[in-house]
Chemist: 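Dumping the structure here so I can ask a few things about it.
Just so it is clear: chains get the letters A, B, ... in the order the sequence lines come, proteins before strands, and each one is counted from 1.
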Protein chains: 2
Amino acid sequence: MNLPPLCEAFVLHFGEMGSRWGVNRTVGQIYAVLFIAETALCADDLVDRLGISRSNVSMGLKELQSWNLVRQRPVAGDRRDFFTTPDDIYSIVRTLVNERKKREIDPTLSMLRELLMQTPANAQEQHAQARLKDMHELIELLTAWYADIEKLETDRLIQLLSLGSKVAKILEVKDRIFALPGGKGRQPLSSTPNRG
Amino acid sequence: MNLPPLCEAFVLHFGEMGSRWGVNRTVGQIYAVLFIAETALCADDLVDRLGISRSNVSMGLKELQSWNLVRQRPVAGDRRDFFTTPDDIYSIVRTLVNERKKREIDPTLSMLRELLMQTPANAQEQHAQARLKDMHELIELLTAWYADIEKLETDRLIQLLSLGSKVAKILEVKDRIFALPGGKGRQPLSSTPNRG
DNA sequence: CTCAGTTTTCAGACATTCCTGAAAATAGAG
DNA sequence: CTCTATTTTCAGGAATGTCTGAAAACTGAG
């Protein structure tokens, strides 16, 4: 690996993490190198810095492009393709979350929708469906929340994140004002009784 | 696989998703079966329903326990171990997020902290460190937010999620009130200039 | 068109992960 | 303690995933 020590440490770590993130080691390393690079790099730069084969770089870049995590950027007077990661780290995280949602959440959501439309054949299936319904409602709630938040501009997002649970204080106050004597709170989401 | 069609469809899907979630197919399937089961199941129930080897079930359960995703529950008059998933789906999601954070975020956070304390040897390393600093700040912001939110009780959490970006409206109003003539908004987080 | 520079594809070598059956370890009953 | 039911470990075969070099495909210049 042809990189100064600090860079190499980062790249190696990202490579290892890659496997926990649904991409292989090489793909993680390629991303890491691009992320810390001062300028856009071409495939051969990556071959040189990582000491891996040209074809491996090609496949890695293809995968990163399918994740929208790297951008191809033309360089005047050079026929080769050059690649960068976006400068804005917030946009990177947005992309990452969107792509993971697409791969990890959306397929499950449509599977759940499909199975919830079916008629259960017996008590076992009926109970299963009740559980799926809980799961479906929760995922819907989370994805609706994210779809809403995702539209915020970065500045507002930072403000909101910095507030943390302080925003919940507002709700507490609201609840205290509107609470009816003897009124019940919202019930937790569950169609299933506790299992003995 | 010894399950009614609807259950089987769910279990197969969860198995496939498992690989995108950092566990293998079998572990995903075991979890799915436990999730929709009406009662706690013992290892042999899983062998029967999934048609996999006893030892594979043992390893899978061990992994799920290391994720805190299944609970061992004694059954009176039976020496065997029985397993369930929690009934409360919110607690399941909390556990899942906590465990993924532990595996996917925390190691990166400490790696970044370590590398940010080092002295860069040259311009390349200096630029790399600036990028790492951006990444570190963002991850700190997100994890601090999550640590804060995670403490909320389920009811409040649901309220907050349902509000979505409406909470941001409050900030907008606040900003409008306190805005000074000619005053600038918060700057986006970046220690790096744009790359040409 | 031809040609050189560049990227992509892909068969198969190599590496890793997964799964099983057999054997060992564990735990409770008697 | 012994005996039996149960769980865990683990070597190695099966299945997947990764990486490479060679060849094919593409692309723009001349």
Chemist: Rounded off to whole Å, could you give me the CG-to-C1' distance for the B:Leu41 and D:dT6 pair?
Modeler: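 In whole Å, D:dT6 C1' lies 17 Å from B:Leu41 CG.
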
Chemist: Test of understanding: with ring pair (Phe, Tyr, Trp, His ring centres under 6.0 Å), list the residues that count as partners of A:Phe83, not counting sequence neighbours.
Modeler: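 Listed in chain order: nothing, the list is empty.
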
Chemist: May I have the distance from B:Asp44 (atom CG) to D:dA5 (atom P), rounded to whole angstrom?
Modeler: 13 Å

Chemist: Specify the separation, in whole Å, of atom CZ of B:Arg80 and atom P of D:dT4.
Modeler: 18 Å

Chemist: For D:dT7, take OP1 and OP2 only and decide whether either is under 4.0 Å from a side-chain N or O of B:Ser58.
Modeler: no

Chemist: If you check every side-chain atom of A:Lys62, which of D:dT7, C:dT9, C:dT7 has the closest atom?
Modeler: C:dT9

Chemist: Please list residues of residues 18-29 of chain B whose heavy atoms come under 4.0 Å from any atom in DNA chain C, ordered by number; otherwise none.
Modeler: B:Asn24, B:Arg25, B:Thr26

Chemist: Between B:Arg131 (side chain) and A:Asp87 (backbone), is there a donor-acceptor pair under 3.5 Å?
Modeler: yes

Chemist: Could you list by number each residue of residues 48-57 of chain B showing a heavy-atom separation from DNA chain C of less than 4.0 Å, or answer none if no residue does?
Modeler: B:Ile52, B:Ser53, B:Ser55, B:Asn56

Chemist: For a quick check, with a 4.0 angstrom heavy-atom cut-off, what is the B/S/- contact string for nucleotides 24-30 of chain D, read 5' to 3'?
Modeler: ---B---

Chemist: Taking only residues two or more places apart in sequence or in another chain, which ones pass ring pair (Phe, Tyr, Trp, His ring centres under 6.0 Å) with B:Phe14?
Modeler: B:Phe10

Chemist: Using five base pairs at each end to define the local axes, how bent is the helix from C:dC1-D:dG30 to C:dG30-D:dC1, to the nearest 10°?
Modeler: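 It works out to 20° between the end axes.
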
Chemist: Looking only at heavy atoms, what is the nearest atom pair of B:Ile36 and A:Ala128, with distance?
Modeler: CB-CB, 3.9 Å

Chemist: May I ask you to test the B:Arg25-B:Glu16 pair for a side-chain heavy-atom distance under 4.5 Å?
Modeler: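 Answer yes - side chains close enough.
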
Chemist: Tell me, yes or no, whether the heavy-atom count around A:Arg113 atom CZ, taken from other residues, nucleotides or ligands under 6.0 Å, exceeds 12.
Modeler: yes

Chemist: C:dC19 P sits how many Å from B:Leu46 CG, rounded?
Modeler: 14 Å

Chemist: With A:Gln29 as reference, evaluate A:Val57, A:Val11, A:Leu34 under the side chain to side chain contact (heavy atoms under 4.5 Å, CB included) test and give the passing residue.
Modeler: A:Val11

Chemist: Under a 3.5 Å threshold, yes or no: a donor from one side chain and an acceptor from the other, between A:Asn98 and A:Glu150?
Modeler: yes

Chemist: Quick one, A:Val33 and A:Asp45 - any side-chain contact, counting heavy atoms below 4.5 Å?
Modeler: no

Chemist: Once you round it to whole Å, what is the distance between C1' of C:dT9 and CG of A:Leu61?
Modeler: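 Result: 15 Å.
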
Chemist: Can a salt bridge be assigned to the pair B:Glu99 and B:Arg94 using a cut-off of 4.0 Å between side-chain N and carboxylate O?
Modeler: no

Chemist: Could B:Arg100 and B:Trp67 be counted as a cation-pi pair, given that NZ or CZ must be under 6.0 Å from the ring centre and within 45° of the axis?
Modeler: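 Ring-cation test returns no.
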
Chemist: With sugar-phosphate meaning primed atoms plus P, OP1 and OP2, does B:Asp81 contact a base, only sugar-phosphate, or nothing at under 4.0 Å between heavy atoms?
Modeler: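 The residue B:Asp81 makes sugar-phosphate contact but no base contact.
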
Chemist: Given atom CD of A:Glu63 and atom C1' of D:dT18, what is their separation to the nearest angstrom?
Modeler: 12 Å

Chemist: Give the minimum heavy-atom separation between B:Leu115 and A:Ala9, together with the two atoms involved.
Modeler: CD2-CB, 3.9 Å

Chemist: For a quick test of reading the model, state the closest non-hydrogen atom pair linking B:Cys7 to A:Gln124 and the distance between them.
Modeler: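 For B:Cys7 and A:Gln124, the tightest heavy-atom pair comes out as SG-NE2, 4.5 Å.
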
Chemist: B:Pro107 and B:Arg103: which non-hydrogen atoms are nearest, and at how many Å?
Modeler: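 In this case the closest contact between B:Pro107 and B:Arg103 is CG-O, 3.6 Å.
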
